[in-house]
J.: 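Would you mind keeping the following structure in view while I ask a few things?
Not measured: the values here are computed from a predicted model. Counting convention: from 1, in listed order, for ligands and their atoms alike.
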Amino acid sequence: MKTLWLDTIDSTNSEALRRLPELEGGTVLAAREQTAGRGQRGNTWFTEPGKNLTFSIVLKNLSLSAPEAIRLNYLTSVAVASFLEAKGVKADIKWPNDIYVRGRKICGMLLENTLGPGGQLLASVIGIGININQKEFPQLANATSLTLCTGLEYGLEEALEEFLGIFDRLLPRLLSEELFAAYSERLYRKGVPARYHDLLTDREYQGVIEGVEPDGRLHIRNLDGGDYYYRFKEVSYLL
Ligand code: BTN
């Protein structure tokens, strides 16, 4: 993998998408500062300049179908969790792909795929924001960082190289059962009764996360009986 560090950019995902035709697969664009970082559901991703990892990995020619592209979410989530675990921090994966430590969000990711006419995946831009050295999150009640978890400071370039080493080692196992198991076993709130909001019916209920289906749907068992299977944006977690 080849990393290009940029001092300031609007968003590493936007830059990677603009430069997609010319960028080779395996290129990583990392920014010391993002001025318009993008999050899930059209949200903005704010981080203090120079404190955190904000980067995008460009992958091409993976020979994946569109339904198989979900595996890239699993791989990236497991790679981030493994990176944090290597620093002594136990991480959970909040479905579909937020990374939490002790109930607080430490990392978010935004995967943007380009599909060909036959539905095959042509390229994927995997945008990842990992909070590393930031100590205060004034606008975010529920965020944390590696430094808040360990009390240590980290070099961003070294941290990125370590992460990319883990990602690269997992890549050949993209479609393996082993990778899916590694994702499933780290699921946040798995087996723990908690409250959920079903956005399809606008009902709240007490349920237990049973796991994730191979196609990516989240399986929650309602404590009153009944199994529910959700796609992204169909359910939210209540505190
Ligand atoms: C989320 O949890 O809402 C996803 C956040 C994704 C943020 C990363 S930071 C690097 C890359 N560039 C962006 O503009 N977004 C992603």
Side-chain angles (χ1 to χ4, degrees), residues 1-20 23 26-59 69-70 72-81 83-84 91-101 103-114 123-134 137 139-146 154 156-157 159-164 166-167 183 186-189 199 216 218 231-237 239:
M1 291 196 158
K2 180 174 150 202
T3 307
L4 305 174
W5 275 94
L6 310 167
D7 280 337
T8 303
I9 196 77
D10 52 351
S11 144
T12 56
N13 265 39
S14 302
E15 178 71 355
L17 289 170
R18 286 190 292 263
R19 291 170 57 180
L20 199 55
L23 291 176
T27 306
V28 180
L29 295 185
R32 297 191 173 82
E33 176 181 31
Q34 285 193 135
T35 54
R38 294 191 286 115
Q40 298 282 353
R41 303 181 201 88
N43 288 332
T44 306
W45 183 255
F46 290 109
T47 58
E48 237 178 85
K51 298 268 174 164
N52 302 312
L53 284 177
T54 47
F55 61 100
S56 302
I57 302 171
V58 175
L59 295 179
I70 186 80
L72 291 169
N73 295 59
Y74 300 157
L75 180 131
T76 309
S77 301
V78 171
V80 174
F83 164 77
L84 295 169
D92 302 315
I93 301 170
K94 180 167 175 247
W95 177 87
N97 48 20
D98 286 340
I99 309 300
Y100 271 55
V101 176
R104 289 175 183 268
K105 181 161 165 172
I106 194 165
C107 165
M109 51 194 86
L110 181 65
L111 283 81
E112 297 186 289
N113 295 329
T114 308
S124 183
V125 171
I126 301 178
I128 306 170
I130 312 177
N131 297 333
I132 304 284
N133 291 321
Q134 187 166 334
F137 294 88
Q139 308 102 321
L140 301 165
N142 204 29
T144 191
S145 66
L146 194 51
Y154 300 86
L156 294 183
E157 298 195 6
L160 180 56
E161 288 315 306
E162 280 176 51
F163 170 80
L164 293 174
I166 295 171
F167 185 94
Y183 175 88
R186 291 178 173 84
L187 262 192
Y188 177 59
R189 285 191 181 173
L199 301 170
L218 181 70
R231 297 188 187 284
F232 191 39
K233 298 180 191 166
E234 292 180 350
V235 65
S236 67
Y237 291 53
L239 286 178

J.: Within the structure, is a non-hydrogen atom of Arg41 found at a distance of less than 4.0 Å from ligand 1?
T.: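 The answer is no, since Arg41 has no heavy atom less than 4.0 Å from ligand 1.
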
J.: For Thr12 and Gln34, test the side chains for any donor-to-acceptor distance below 3.5 angstrom and give the result as yes or no.
T.: yes

J.: Can you sort out which atoms of ligand 1 are near Gly129, meaning under 4.0 Å from one of its heavy atoms?
T.: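 Here the atoms of ligand 1 in question are 8 (C), 9 (S).
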
J.: Write out the residue and atom name of the closest protein heavy atom to atom 12 (N) of ligand 1, then the distance separating them to 0.1 Å.
T.: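 Result for atom 12 (N) of ligand 1: Gln34 OE1, 2.9 Å.
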
J.: Under the side chain to side chain contact (heavy atoms under 4.5 Å, CB included) rule, collect the residues that match up with Asn133, sequence neighbours excluded.
T.: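 Checked Asn133 against side chain to side chain contact (heavy atoms under 4.5 Å, CB included); matches are Lys51, Thr147, Glu153, Tyr154, Leu156.
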
J.: Give a yes or no on whether the backbone of Ala141 and the side-chain of Arg104 come within a donor-acceptor separation of less than 3.5 Å.
T.: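 Checking the backbone N and O of Ala141 against the side chain of Arg104, a donor-acceptor pair under 3.5 Å is found.
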
J.: Given 3.5 Å as the limit, does a donor-acceptor pair link the side chain of Ser11 with the main chain of Asn13, or not?
T.: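 Confirmed, Ser11 side chain pairs with Asn13 backbone.
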
J.: Heavy-atom contacts with Asp98 under 4.0 Å: which atoms of ligand 1 show up? List them by number with element.
T.: 2 (O)

J.: To check your reading of the model: name the closest protein heavy atom to atom 15 (N) of ligand 1, its residue, and the distance in Å.
T.: Arg38 O, 2.7 Å

J.: Take every heavy atom of Asn43, measure it against each atom of ligand 1, and state whether any distance is under 4.0 Å.
T.: no

J.: Could you tell me, atom by atom, which parts of ligand 1 come under 4.0 Å of a heavy atom of Ser11?
T.: 12 (N), 13 (C), 14 (O)

J.: Do the side chain of Gln40 and the main chain of Met109 share a donor and acceptor less than 3.5 angstrom apart?
T.: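 Judged by distance alone, yes, a pair lies under 3.5 Å.
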
J.: Counting from 1, what ligand 1 atoms have a heavy atom of Gly39 closer than 4.0 Å?
T.: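 Selected atoms, number and element: 1 (C), 3 (O), 4 (C), 5 (C).
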
J.: Quick test: of every protein heavy atom, which one is nearest to atom 2 (O) of ligand 1, and how far off is it to 0.1 Å?
T.: Lys105 NZ, 2.6 Å

J.: For Gly37, counting its heavy atoms only, list the atoms of ligand 1 lying under 4.0 Å from any of them.
T.: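 Close to Gly37: 14 (O).
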
J.: For ligand 1, indicate whether the residue Thr47 contacts it via side chain, backbone, both or neither (heavy-atom separation under 4.0 Å).
T.: neither

J.: Under 30°, 30 to 60°, or over 60°: which ring-plane class applies to Tyr188 and Tyr237, parallel, tilted or perpendicular?
T.: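 If you compare the ring of Tyr188 with that of Tyr237, the planes turn out parallel.
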
J.: Measuring from Leu59:CG to Thr27:OG1, what's the distance to the nearest 0.5 Å?
T.: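 Between atom CG of Leu59 and atom OG1 of Thr27 there are 9.5 Å.
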
J.: Any idea which protein heavy atom is nearest atom 3 (O) of ligand 1, and the distance to it?
T.: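 For atom 3 (O) of ligand 1, the nearest protein heavy atom is Gln40 N, 2.7 Å.
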
J.: Do Gln134 side-chain atoms and Glu48 backbone N/O form a donor-acceptor pair below 3.5 Å?
T.: yes

J.: How far is atom 5 (C) of ligand 1 from the closest protein heavy atom, and which atom is that?
T.: Trp45 CE3, 3.4 Å

J.: Rounded at 0.5 Å granularity, tell me how far CD1 in Ile126 sits from CG in Leu72.
T.: 5.0 Å

J.: Only heavy atoms of Thr12, strictly under 4.0 Å: list the atoms of ligand 1 that pass.
T.: 10 (C), 11 (C), 12 (N)

